[in-house]
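Right, one structure below, let's go through it.
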Amino acid sequence: MPRRTVRALALLAAVGFAPGVSAEVLETTYSRIELIAEQASVPATGGRVTLGFHLEPNRGWHAYWVNPGDAGKEPSIDWALPDGFTVQPLQFPTPHLIPFGDFNTYGYEDAILLLADVDVPAGLEPGTAIRFAGEAGWVVCDDALCVPEDADIELTMLVGDGDVDVDVADRFLAARDALPERVDWPARFALVDEDIEFDASLPVGAGPPAALFVAPKRFVRYGEQAVARSVGGVRFTMAAGRKAGDFDTVDAVLTYRNADGDDASAWLTFAKNDGPLPAVAAPTGGVGTVATAATAGEVIRAIVFGLLGGILLNLMPCVFPILSLKALGLADLSTAGAKAARESGLLYTAGVLATFLVIAVLLIVLRQAGEAVGWGFQLQSPWVIVVLGLAMVAIGLNLAGVFEIGTRAMGLGQGLTASNERRAAFFTGALAVVVATPCTAPFMAGALGFALVQPVPVALAVFMALGFGLALPYLALTLLPALGRTLPKPGPWMATFRHVLAFPMLATALWLFWVIGRQLGATAMAVALLAALFLGFALWAYGRSAGGSRTAVWRTAAVAGLAACIAAGANIGERSIGTTAAAGVPGSAAHRLGKLEPEAFTPDRVMGYVESDTPVFVYFTADWCISCKVNERIALATDEVGDAFNDRGIKVIEGDWTTEDPVITEWLTRYDRAGVPLYLYFPAGSSLAEATVLPQVLLPGVVIAAIDAADTAVADTAVADAAVS
C-alpha cells in the first residue's frame, strides 16, 4: 500500500469517523464548548473554511455579545494557524437584553455558535493534515456571579475537495439565520450636547423598532433609549459614553418587526453627521430602559409589591398627621351608622386613587417628554412646597379652634376636609397622597422602578395598587364593623384630641418651610414664614367674623391678610439668597453626618473610587424625604456605623435630590428606583455592575451586615477566579 495512503488512513482514524468534522466536546466549570467545521475537508485549491465555536453556558448562566454592555466580556479566540491561513473576526448572533444586577448587559442565555471564516491558500497537497488551534476565553454570569473561563481548542482536518459536511450543515444554517443581516440602509449619527442621536432608514412596511445595540464599547451608556419616528425611518437617542468622540463610523444592530410581522435584525453602519439631524415626529416609545416585555409573573409581583408598599406607607411619618384626622373622623362616624362609615371609607379611597392617578399620569407624561423626574418630583418645586406648607398651617389652626369652616367658606387645606363628611373624606384621601410623597416604604422602590419602564397600562396598574394599599387600612375599618368597634367611643376627649392634632400639622408645616430654606436659602424661608404669618392673621380674622358685631371689618381684614399671603408666596422664587453650598454644586463638600464626612455626588467621583479599588458608599437623599432623614439620623449618623466605615476606609458620597438633578435621576433609574432614598455600596475590587443595594429602612446593624456580606462576596469571587485561572 502506498505510504501516502497509509498516512491518510491513519489521520482519518485520528479524527474519527463520527458525523461531522469536530473536536472533542469540552466541559468547563460553567460551560460546554466545541470547535466544529462546516466543510468536511480543507479545499486543496484554496478558498474558505468556516469554523464554528459552540458555547453553551450552564442552565441559569449566560454569555455575552461583542459589546457586553455595562458588565461582562465577549468570547474571543487567539488563533494559531498554519502559515498562509488568515482568519476573519468572530460573527455574533443578534443579542438580547440581560439585566445584570442594576445594569444592562447584552448577550445570550442559550447555546450559540460563533462563526469564523478562515481564508485558505491554494496549492495544498491532498491528504495533508491541517491543524486549526487557538486559546478561547469568555465570561459567563448568573444573577449573582461572573466567572472568566478559557480553554485550548483545536481541530484537525484533511486537505480534500472542501465540500460541505451534510451532518453539520443545519447547525451552520441556523447560526447564519441568527446573524443580523448586513444592510446598506442610509444611517447617520450626531452628538447633541451629552446625547447621541442615531437616524436610520427602514424598509417599506417595517414595524416599530425594538432596540439598537451599539457595537463600540463605551460609545453610549446602556441604560435608556428614546425612540422616535423620523422621516422614512427611526431615531434612537442615548446618553453619550466616554468614547463618544472617538469614532467617525459606528456599527450597530437594529432589531425591528419586518413587513410580515416577524422579528428581524439588521447590521448597520452609521456615519458621523457634521451638523444636527433634522427634527423627528413625536416619540413612539418614550424614554425608558430598553427591556424585553415583562412577563405576567413580573407584572403580578410588581402589583403585589405596590399593594404591600402602600399598606406600609401608612406607617411612615409623612402620613401620620392625615391619618390622625381620619381617626378623629372615625370616632365621629361611630355614632352616625354603618352606611355613613362605608361612604366615608369609599370616598377616602376614591380620593387616594384619583390623586395617585393624576400623579402617575403626570410622572409618565413628563418622563416620556424627556424630563428627569421621579417619585416625589412635585416636591422639587418650591411653590408646591409653599402651598402644601400653608395648607398644613390652615389645618393646624382649624384643629386648634382658631376658626371654623362653614359650608360657603374658603376651600383651603382643612376647608376641603371639614365642611361636610363626603367632601371631607374625598379630599382627605387626596391630601394623604400629597403628603405621602416625601416618604417611601419597603417594597415601594422596586415596584415603582419597574412600573416606570413598562407600558402605560402596566405602570398605571402598579400606581393604583400602591394607592389602594395606602387607602386599605382606613377602608377596612369603615367596611368591617368588627374592626370599627375596636376604636374608642366618642366623648369629651375628642375636643382635646382635636387640639392636640394641631401640633403635628404645624410641625409638618415647619418642616416644609425648612425644606424651602434648604432649596432656596434662609431669605426664601423667611418669606415663606411671612406668608404663613399673613395666612394665620387672615384665618384668625375670619374666625372673629363668625360671631362678632363687626363682621364686614373682620372679613375685610381676612381678605387683606389672604392677599398679603398670596403676594408673599408668589415671590418666593425671587428670594433665593443664601442657598446652601452643597446644593446643586457638583463636587462641593456635603454636610457632616456623625463621624462621616460625605462628599457631594458626581458620577466621575464614584467611578474614580470604584476603578481605584476604594470601597465607596453612595446614598441619594432629599431634604423633603422624611424616610431619608430618619435613616440618616438613626443609622448613618451613629457612632457604630461611622466607626465601621472609617476603620475600613469606606468613602461616603451623598447625592442631594432636593432640587431637580437629571444626573441623579439617571442613576436612580439605572438602579430601578423611581425616587429616594437609595443606598449603594461598592466593595473594593468590585465594579459599577456589582453594587450592593441596601434596604430603604436602615438600622446600624442592617448597614454593617450589608457591608460585611458584600465584602465577603467580593472576596469569595476573587478566590473563585484565582482557582479557575
Side-chain angles (χ1 to χ4, degrees), residues 64-74 76 92 95 97-107 139 141 146 148 187-199 211-226 235-254 268-274 276-277 287-290 370 372 586-587 599-616 618 620 651 653 655 661-671 680 682-691:
Y64 292 98
W65 186 53
V66 62
N67 181 354
D70 281 318
K73 185 179 184 299
E74 73 280 9
S76 62
F92 288 76
L97 177 75
I98 304 176
F100 182 72
D102 296 294
F103 290 84
N104 291 323
T105 62
Y106 306 142
V139 168
C141 299
C146 283
R188 52 187 176 168
F189 75 91
L191 276 68
V192 181
D193 297 327
E194 296 183 356
D195 294 329
I196 301 179
E197 295 179 348
F198 297 87
D199 267 12
L212 189 71
F213 300 94
V214 180
K217 299 176 183 177
R218 301 181 182 88
F219 185 76
V220 296
R221 298 183 182 180
Y222 307 108
E224 296 182 345
Q225 295 186 0
R235 172 173 298 174
F236 287 88
T237 302
M238 289 173 256
R242 287 187 295 173
K243 295 188 176 181
D246 295 352
F247 296 87
D248 291 326
T249 60
V250 173
D251 290 330
V253 173
L254 172 68
L268 298 97
T269 298
F270 291 82
K272 187 174 183 179
N273 201 69
D274 293 333
L277 299 176
V287 178
T289 302
V290 176
E599 303 173 58
F601 168 81
T602 66
D604 290 341
R605 178 167 289 163
V606 177
M607 289 187 286
Y609 282 135
V610 171
E611 291 175 356
S612 65
D613 289 339
T614 302
V616 57
V618 184
F620 297 96
K651 300 294 184 179
I653 294 179
D661 188 330
V663 176
I664 291 179
T665 305
E666 177 189 345
W667 274 63
L668 294 174
T669 303
R670 179 181 296 180
Y671 288 92
L680 306 174
F682 300 91
S686 65
S687 66
L688 288 178
E690 298 171 303

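Count residues from 1 along the sequence.
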[X] [atom1] to [Y] [atom2] distance, which is reported to the nearest 0.5 Å:
X: L254; Y: F198; atom1: CG; atom2: CZ; result: 11.5 Å
X: N67; Y: F219; atom1: CG; atom2: CZ; result: 11.5 Å
X: E611; Y: D604; atom1: CD; atom2: CG; result: 9.0 Å
X: F189; Y: N273; atom1: CZ; atom2: CG; result: 9.0 Å
X: L668; Y: L680; atom1: CG; atom2: CG; result: 9.0 Å
X: E74; Y: K217; atom1: CD; atom2: NZ; result: 3.5 Å

Give a yes or no on whether the backbone of E197 and the side-chain of R235 come within a donor-acceptor separation of less than 3.5 Å.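 Here the side-chain-to-backbone pair does not exist.
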I'd like to know if the side chain of N104 and the backbone of Y222 have a donor-acceptor N/O pair within less than 3.5 Å. yes
Should the pair F213 and Y106 be assigned to parallel (<30°), tilted (30 to 60°) or perpendicular (>60°) ring geometry?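 F213 and Y106: perpendicular rings.
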Look at the aromatic rings of W667 and F620 and report parallel, tilted or perpendicular, splitting at 30° and 60°. tilted
Side chains of L212 and F270, heavy atoms from C-beta outward: is any pair under 4.5 Å? yes
Determine the minimum heavy-atom distance between [X] and [Y], stating which atoms define it.
X: A244; Y: I196; result: CB-CD1, 3.7 Å
X: F247; Y: P216; result: CZ-CB, 3.7 Å
X: F682; Y: A691; result: CE2-CB, 3.3 Å
X: V610; Y: S686; result: CG1-O, 3.7 Å
X: C146; Y: Y64; result: SG-OH, 4.0 Å
X: P603; Y: V663; result: CG-CG1, 3.5 Å

Which of I98, V253, T105 passes side chain to side chain contact (heavy atoms under 4.5 Å, CB included) with W65? Answer is V253
Decide side chain to side chain contact (heavy atoms under 4.5 Å, CB included) for F601 and R605; before the verdict, give the C-alpha distance in whole Å, the side-chain angles of both, and the deciding distance to 0.1 Å. CA-CA 7 Å; F601 168 81; R605 178 167 289 163; over 6 Å; no
